[in-house]
Amino acid sequence: MNPAYESHELAVAVADLLAHPDDSSLPIEQPWWRQSLALGVPGIALLHVELAAAGLRPWQRAHHWLTAVTGGPITAGADSHPFHGAPALAHVLACAATHQPGVYAHALDGLDRAISADARRRVAAAHARIDASELPALAEFDAIRGLAGIGAYLLRRPSAGDALHAVLEYLVRLTAPLHRDGEVLPGWWTGSGPNGRTDARFPDGHSNNGLAHGIAGPLALLALAALRGVVIPGQLQAIATVCSWLDRWRSDTGTGPIWPYWITRGQLRADRPSTPAAQRPSWCYGTAGLAHAQQLAALATGDPVRRATAGDALARALTDPGQLASTTDPSLCHGYAGLAHIAHRVAADAPPGIAARLDARVPDLISMIDPTGAGPRRTAVALVAAAPGPGMLEGAAGVALAAITCSTASTPVSSWDSCLITARPTYPVT
């Protein structure tokens, strides 16, 4: 990125191109457009909320986008999830309410009741599944569609105590081992492939390690809850169980620790992962998300060694040409924006030397969003026009959110990234 401008200028340029939710150039006719935090209106509304809170653009724009979300029926219950429907809208309104207390209180109360009821239904179904000794689906527990993501929302809502405790109790139980076919499997072992469907490459299922779809999401939530003083019986042991699993499958390479995206039954039997020499260190899968989840676990359990190891793993990944070469797009989910954002987050709670190494990488990672130095306006135009669209997880809005966050020394008060389970603990770390 051209050093003549700051990264917040890119965020503003993206937002200016997405000023009106009824713009005919946007995919306004798509059925997911109004309710998808990942792809549609809620994620773009979140960008406008953050810019308004920073005083860079008017609140009226944010309200206009929020009105576009609420202007029709909202999907709730089994057909909703953290990135679609009621939980997605509630997340954005909660972020706006951080800066404008009381404005969205009535709407949030209704959404919270619906989300809490849905969480309890999901938890009951999950316990019944465990009682029947069946394997879970990824969507039962993960951050994108499952209870880890729903729990991340409940954690920030003062009225969600009972539902949050139910989610945490389930996640603790999820870490208990399963006995199948004479073998001991981790409780989160799923019978599907990483896409959540039957996959011939995974005939005996797999254990998913990722933050988006695997056990790192529950680990991060269990740790964040503990850091905020919400601790139930077995929670710290569950954190230790997942950390031990990750320790078991870590490979220590010449360029730092690396964790496989998943473990197959064959690898489990051989007690040996099949990890490539280099893999993408993204939020969704790989070192970035796993380092942050383990840092949170270390903070929750008072483990200075794991805290330093996690930060060092990320710092080394972000200077490893092989891993960086695997990153090929600007997105928040698995691109340069996501790496910059997590580096910024992890640096805030890392030991001083490691924090300095991470902070030094953030400008370089942001610069990769605009490698030719085209400037904020042209870069924003390219981002908004690119597939899969201007949304948050893989599109322009997410890149812009990371850019504005990385443009300041502080972390966002609204915790807009709590939906990614990467929100910073709300207390000082020494």
Side-chain angles (χ1 to χ4, degrees), residues 126-127 129-148 170-223 234 237-253 256-282 284-294 297 306 309-310 313 317 323 326:
H127 283 306
R129 187 270 306 164
I130 296 173
D131 291 340
S133 299
E134 296 177 354
L135 298 178
L138 293 174
E140 177 184 290
F141 63 82
D142 74 8
I144 297 292
R145 299 183 63 89
L147 281 161
Y170 152 71
L171 292 178
V172 167
R173 196 177 180 200
L174 180 71
T175 65
L178 289 171
H179 298 268
R180 300 272 295 191
D181 305 324
E183 294 180 292
V184 179
L185 304 175
W188 57 87
W189 191 278
T190 180
S192 72
N195 63 3
R197 298 187 291 273
T198 300
D199 189 326
R201 296 172 300 167
F202 299 85
D204 298 309
H206 77 295
S207 168
N208 197 298
N209 291 336
L211 184 55
H213 294 294
I215 195 57
L219 174 64
L221 177 62
L222 289 166
Q237 179 56 52
I239 291 172
T241 296
V242 179
C243 286
S244 293
W245 171 266
L246 294 176
D247 289 345
R248 175 182 174 182
W249 298 104
R250 183 185 68 212
S251 296
D252 294 310
T253 72
I258 194 168
W259 292 268
Y261 289 174
W262 45 70
I263 298 296
T264 66
R265 188 76 73 95
Q267 292 163 3
L268 184 68
R269 290 166 179 156
D271 199 28
R272 186 175 65 251
S274 177
T275 306
Q279 62 184 14
R280 187 171 61 192
S282 58
C284 53
Y285 281 106
T287 301
L290 282 165
H292 188 62
Q294 290 181 83
R306 187 176 299 279
T309 299
Q323 292 190 62
S326 301

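Side-chain atoms are counted along with the backbone in the values below, which use heavy atoms only and exclude waters and symmetry mates. What you are looking at is a predicted structure, and each value in this text was computed from that prediction instead of being measured.
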Contact check, side chains of [X] and [Y], non-hydrogen atoms, under 4.5 Å:
X	Y	value
Asp204	Asp181	no
Asn208	Thr190	no
Leu174	Ile215	yes
Gln267	His206	no
Asp271	Trp249	yes
Gln294	Asp247	yes

Kindly determine whether Val242 and Leu222 satisfy side chain to side chain contact (heavy atoms under 4.5 Å, CB included), including the steps that lead there.
CA-CA 10 Å; Val242 179; Leu222 289 166; 5.5 Å; no
Taking all heavy atoms of [X] and all of [Y], pick out the closest pair and write down the distance.
X	Y	value
Ser192	Thr198	CB-N, 4.5 Å
Ala317	Thr287	CB-CG2, 3.9 Å
Gly217	Ala148	C-CB, 4.0 Å
Pro218	Leu171	CB-CD2, 3.9 Å
Val184	Pro177	CG1-CB, 3.7 Å
Ala297	Cys243	CB-SG, 3.7 Å

Within this structure, what is the [atom1]-[atom2] distance for the pair [X] and [Y], rounded to the nearest 0.5 Å?
X	Y	atom1	atom2	result
Arg269	Thr264	CZ	OG1	9.0 Å
Leu147	Tyr170	CG	OH	6.0 Å
Leu185	His179	CG	NE2	9.0 Å
Arg180	Ser133	CZ	OG	7.5 Å
Leu290	Leu219	CG	CG	8.5 Å

Listed by chain and number, what are the side chain to side chain contact (heavy atoms under 4.5 Å, CB included) partners of Arg145, not counting sequence neighbours?
His81, Ala139, Asp142
Note: Asp252-Arg250 ion pair, threshold 4.0 Å (strictly below):
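So Asp252 pairs with Arg250 through a salt bridge.
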Passing candidate, ring-ring contact (aromatic ring centres under 6.0 Å, His included) with Trp262, options Trp188, Phe202, Trp245:
Phe202
Describe, in one word, how the ring planes of His213 and Tyr285 are oriented to each other, choosing from parallel (under 30°), tilted (30 to 60°) and perpendicular (over 60°).
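It falls in the tilted class, 30° to 60°.
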So does Arg201 have more than 12 non-hydrogen atoms from other groups sitting under 6.0 Å from CZ?
no
State whether the number of non-hydrogen atoms from other residues, nucleotides or ligands found under 6.0 Å of Arg129 atom CZ is greater than 12.
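It does: Arg129 CZ has more than 12 such atoms within range.
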